[in-house]
Amino acid sequence: MSIFVGKETKLLVQGITGRDGSFHTMQMLKYGTNVVAGVTPGRGGQKVEGVPVFNGVAEAVGKTGANTSVIFVPAKFAVDAVYEAADAGIELVVCISEGIPAIDMVKVVAYLRDKDCRLIGPNSPGVVSPGEAKVGILPGHIFKKGNVGVVSRSGTLTYEIVDQITKSGLGQSTCLGIGGDPIIGTKFIDCLELFAEDGATEAVVVVGEIGGRDEQDTAEYVKKNFKKPVFGFIAGKTAPADKRMGHAGAIISGTAGTAAEKIKAFEENGIVVGETPTEVARLLKKHLG
Amino acid sequence: MSIFVGKETKLLVQGITGRDGSFHTMQMLKYGTNVVAGVTPGRGGQKVEGVPVFNGVAEAVGKTGANTSVIFVPAKFAVDAVYEAADAGIELVVCISEGIPAIDMVKVVAYLRDKDCRLIGPNSPGVVSPGEAKVGILPGHIFKKGNVGVVSRSGTLTYEIVDQITKSGLGQSTCLGIGGDPIIGTKFIDCLELFAEDGATEAVVVVGEIGGRDEQDTAEYVKKNFKKPVFGFIAGKTAPADKRMGHAGAIISGTAGTAAEKIKAFEENGIVVGETPTEVARLLKKHLG
Amino acid sequence: MKVHEYQAKEVFKKYGILTPMEKMCHTVDEVIAASKEIGIPCVIKAQVMVGGRGKAGGIKLAKSEKEVRQHAESILNMEIKGIPVKKVLVSEAIDIGSEAYLGIIIDRGKKKTVVMACKEGGVEIEEIARQRPEAIYKVYADSLMGLMPHRAREVGLFLYEDPKVAFECASVASKLYKIFVDLDSSLVEINPLVVDKGGRLIALDAKLNFDDNGLFRHPDVEAMRDRESEDASELLAKEQDLSYVRLSGNIGCVVNGAGLAMATMDLVKHFGGEPANFLDIGGSSSPEKVMNALRILLKDENVKVIFFNIFGGITRCDDVANGILQAKHTLNIKHPIVARLTGTNEEKAMDILKEAGLIFAKTMDEGAEKAIELLK
Amino acid sequence: MKVHEYQAKEVFKKYGILTPMEKMCHTVDEVIAASKEIGIPCVIKAQVMVGGRGKAGGIKLAKSEKEVRQHAESILNMEIKGIPVKKVLVSEAIDIGSEAYLGIIIDRGKKKTVVMACKEGGVEIEEIARQRPEAIYKVYADSLMGLMPHRAREVGLFLYEDPKVAFECASVASKLYKIFVDLDSSLVEINPLVVDKGGRLIALDAKLNFDDNGLFRHPDVEAMRDRESEDASELLAKEQDLSYVRLSGNIGCVVNGAGLAMATMDLVKHFGGEPANFLDIGGSSSPEKVMNALRILLKDENVKVIFFNIFGGITRCDDVANGILQAKHTLNIKHPIVARLTGTNEEKAMDILKEAGLIFAKTMDEGAEKAIELLK
């Protein structure tokens, strides 16, 4: 069992003929993901790693039954790619592209409200349900099938934590990065709602960072609604106030959004916080045996 | 019984302090309509014919419980008035204003799709449920409570036909003008769906005119779905091809949209067509006794 | 409102759509000068706002200077469907590879803006729409988001197999859509859209109509109006907030509301008469408006009888009555007038008109019959 | 990206928002000349992009020519929060009737653009937000339709009782919203928005920040960047698609990914060390990028040890290894380097770095500890 992606995923790669698109198509195929189609306008009829390429998503969906898409197109065109996927009836769009202006995302989110389409990202590293499917750029070899759900605002920090979990002997049900941008399609709570229903998930790790108040909201939600044990990690304890740390998710505005506040919110609401990635894995292991 | 407006209508007049707004507020009050509020931004606190004026629709709804609004503001601001009404939770908006650009209406219609708000018009003369409520500019004295539903694309032509119906001894359940513009909120079929459910309505008169293919669609709908007798009239038999006749609803494109075509569609689908307004009333009278 | 091909193309150019090298000319000399600039062969095209110019001989290819003169002379002396040709467009002769159709209108049924594409260009699209509707590919714009890029590409890929041309076409479609929305257009059309032998996508012809309701926010569009090409009375009426269309009969009709005005014409015809016009004095009227309406009506010398059919709602019958009275005196109207005024303030109207020597009617049937009677 | 008050006001003016008569000056002489043009009394305002200018003495009212000179001299020789004042704005002294706050940001939680209004202007809005959030009135823009007119009026009517001023304020809110959307702003703010004694609505101060992700489509905004006011290394990093923030420690960190970079700093601190910087080399890297990163890192003379923490996903460890190797030779790096490279192509990376004399670490814990160890 898993959330978002799994054996039933029929994946379409938007921007499949690009450098990243083609490389990760190969990686995803290697992992066993059912990649059924690719789209690059004007490249219809070609093949990439044996996957047929179409000019548009609607055509690709019509001919292959794709239900999930992953977007590798440059930021400038990524928003249009999301619209195209949503219009074509894709149920889940995972947007890897980074650098999308926030005001564009505000429109995307509003547009998707009426559609039967969930967006993960942008600036997401993707979603992996170990042993079932890998959608995105997360390195497949660090995952192991298991019962820990992992959701994170980061990319590589997620790998680090997953790697530690796997090395501790545990495995993951589903692991995803929701993206660190200010406006994203899917938030921590959306993921927790699904993890709550997922039989395979016995504990969840939430990897947050400074900026915004998503972690605080999540903490309150966990206390009120979430029955499974949750473990947390917050990056940015040493980040100076009012400094941008690499991406838009990492701005501290005044005291709101500091690591200290978030850790406090986690701890007060029953989320066990690890000081370091290693400690997160250790705490998990102790709990789940 | 009636459709759209009735005893439960709590009316808000947008543009109440204007020349037309204030005149027709008086007329509607005289008719017995429950006019509870008016809106003119910047005139909050005043009264028109005893009706309190507010600066915004949300405030007016909050303080008076208005559920229906009628718009008398100039074309330039009418679209914003519709948005404001819809945002404030008004259930039925009757837009009297004429001269709204079609492209603005395309947006309005799209915006309203998600809201729980029906728009009648623009360029509508209004809706009257005789003996219950009058919303708009239709002259109240021509109506009589009865069992004929009247729906029309015109203004004064509607009065003419209603007048004939009343003089023949029959009365109306509800009568409305849906507006002659290319893009309108409520079409013939929408009205027929409600007339079908309305216990007080025993027959319906559909008053169409040249341009578009709404009458043809309506005729097909009537044949398939509508059980009550329908009578029809089409204006524009003498209109020359490709000439604009006063408003945008009255353009003939090629042969599509001619009066002859529409009359044929009506007759082939069981709608009894009167040659003149008088004849419509006569046919109705004959049928309903 | 409509504009000429050359005006539409000026708009197209401003939006970055490729059009042939062209020059608008009024005289044969100007045409000859233009042909030297543009090069021979060139195409000479009558600028009139009616369809079927080609069939009427209003579009000619000139292969020599002699032919340039010949065609310029013939076209500038031509009438097309009764309209004298006063302007011609001298246009670069394009080496055509393929022809297609591309247009945008608002679909009333779907209440959305629709881009229409057809692989057959240069033919009458209405004909195709009737006979083989499946040959027209329709792509709807999102009403709030506009014509999204993937939708524009869909249009391009339908028309052209070569992705380069297809994407160029997508860009043209997006620009057309922008014109449509920016300028409150009611129709924008390229027919034919051609690919020349060099693979360039060119708007060989251009059609651009505007939504009259949108003109108030586009003085630049209003400035394009060719007053010469419109009926003077109809234009005058429009400026006075009236709506007038001249017909060929002899019973002048003055009515409030477009639907009732049409029904009045229909009724005159029904009883055996011939309406001279459509004239809608609109919603809220004033005595001046009625005066203006009569001034316009009386320019038509065919008019023998005047039939007022007013159903007062927002229009007040006393306003109309005052207008009639004033007009009768000021304009010294001798025509018999049949007046049917009912509704708001109808009694006041009767009082005003009592002494005016009008023929009254209680119903529109009676009014129409009396008007016809008076002609005998 | 941030711009100065005077630049923000230039944008405001372009959008029709009223601002005081003003002139930006670099020298005392320029200030004196400007004060003659603008009139005395006038206000002299330090142009630095940090908060608390007023408290720091960076904003002064000059009532005489003597005071103009005094204040100009003092402010132009001032440092505010460590930043030297190089520009001042000479501003018309406004006769203030009332002060309010008006700002626009994106609400992450609601995923919408929000207009914030507060009847108390000229004070720190963050303070009010914390202490009395109910004093801030929020109006959300529709994400597809924009800030609708009735929403803008709501803002105006909240702030002002006089309908004339309220509607003027609605118009200012609409213009601010247009600036926000047109320019990919992340914050636009007027604090205080004042009504002067003559009833005019004036933006007395202006703040305008931009979404870095949107800069690619606004070369005009990019052109406003005050390079002097930004850290040279951070700016250089940005231009090379790196993200660098200098801190005060001595362990230089090179990491891929912002979250992992922060976690790495945190870990160094956790084990008792002091990180010298945040440095994210981003998603897909190349040897050149690693070279550039090291060049920037080494400008900081506090750096004693370099700690590479790379978790290869889209980043390939061999690319990073090649970069380290090249940099070590080209830049002649003598600093000890601790390398923790794991993930995509980690074996290749090991092969490349085998002979390079680096200290390897298998985990980030081990890497951090070794880096700290090396300092002893």
Side-chain angles (χ1 to χ4, degrees), chain B residues 12-18 37-46 52-63 66 69 71 73-90 93 95 97 100-101 103-115 117 119, chain D residues 16 97-98 100 102 104 107 110-119 134 136-178 180-182 193 195 198-201:
Chain B
L12 166 81
V13 180
Q14 292 180 260
I16 193 169
T17 57
V39 164
T40 297
R43 299 291 189 90
Q46 298 186 3
V53 180
F54 298 91
N55 283 317
V57 178
E59 190 193 353
V61 168
K63 296 211 172 129
S69 112
I71 294 178
V73 308
K76 227 172 139 174
F77 306 109
V79 158
D80 291 330
V82 177
Y83 291 135
E84 182 173 3
D87 277 1
I90 292 285
V93 176
C95 185
S97 316
I100 299 178
I103 204 83
D104 289 0
M105 283 310 304
V106 167
K107 284 181 92 171
V108 168
V109 165
Y111 186 78
L112 293 187
R113 236 166 238 150
D114 287 342
K115 307 265 166 186
C117 176
L119 172 68
Chain D
S98 75
L102 194 59
I104 302 182
D107 181 328
K110 291 233 162 55
K111 303 182 186 181
K112 283 182 168 189
T113 305
V114 61
V115 181
M116 298 172 299
C118 179
K119 287 176 188 171
E134 70 286 355
I136 298 174
Y137 190 73
K138 290 180 183 172
V139 166
Y140 287 85
D142 183 279
S143 301
L144 302 181
M145 306 284 294
L147 183 66
M148 294 160 112
H150 64 280
R151 292 283 179 200
R153 283 199 299 271
E154 222 180 297
V155 173
L157 289 163
F158 168 77
L159 288 180
Y160 304 104
E161 291 209 351
D162 179 349
K164 206 176 137 282
V165 181
F167 294 156
E168 186 54 38
C169 173
S171 151
V172 170
S174 298
K175 286 164 185 167
L176 275 193
Y177 180 78
K178 196 159 160 40
F180 191 89
V181 171
D182 281 2
L193 174 67
V195 180
R200 297 181 310 164
L201 205 60

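The chains referred to below are lettered A, B, ... by the order of the sequence lines, with proteins before strands, and numbering in each begins at 1.
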S.K.: Heavy-atom pairs under 4.5 Å with chain D - which of B:Ala81, B:Ala88, B:Gly56, B:Gly42 has more of them than the others?
M.R.: B:Gly42

S.K.: Flag yes if more than 12 heavy atoms outside B:Lys115 fall under 6.0 Å of its NZ atom; otherwise flag no.
M.R.: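 Counting neighbours around NZ of B:Lys115, more than 12 heavy atoms of other residues, nucleotides or ligands fall under 6.0 Å, so yes.
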
S.K.: Please report the interatomic distance CE(D:Met145) to NZ(B:Lys107), rounded to the nearest 0.5 Å.
M.R.: 5.0 Å

S.K.: Could you check if a side-chain atom of D:Met148 sits within less than 4.5 angstrom of a side-chain atom of B:Asp87, using non-hydrogen atoms only?
M.R.: yes

S.K.: Where does B:Tyr111 contact chain D at under 4.5 Å (heavy atoms): side chain, backbone, both or neither?
M.R.: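 Side chain of B:Tyr111 only, per the 4.5 Å heavy-atom cut-off to chain D.
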
S.K.: Between B:Asp80 and D:His150, do the side chains contain an N or O donor and an N or O acceptor separated by less than 3.5 Å?
M.R.: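 The answer is no; no qualifying pair exists.
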
S.K.: Near B:Phe77 CZ, under 6.0 Å, is it more than 12 heavy atoms from other residues, nucleotides or ligands?
M.R.: no

S.K.: Could you check if a side-chain atom of D:Arg151 sits within less than 4.5 angstrom of a side-chain atom of B:Tyr83, using non-hydrogen atoms only?
M.R.: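 Counting from C-beta outward, D:Arg151 and B:Tyr83 never come under 4.5 Å.
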
S.K.: Working note: D:Arg153 + B:Glu84, criterion side-chain contact (heavy atoms from CB on, under 4.5 Å); need CA distance, chi angles, decisive distance, verdict.
M.R.: CA-CA 11 Å; D:Arg153 283 199 299 271; B:Glu84 182 173 3; 3.0 Å; yes

S.K.: Let me know if D:Asp142 has heavy atoms under 4.5 Å from chain B in its side chain, its backbone, both or neither.
M.R.: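 Side chain only.
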
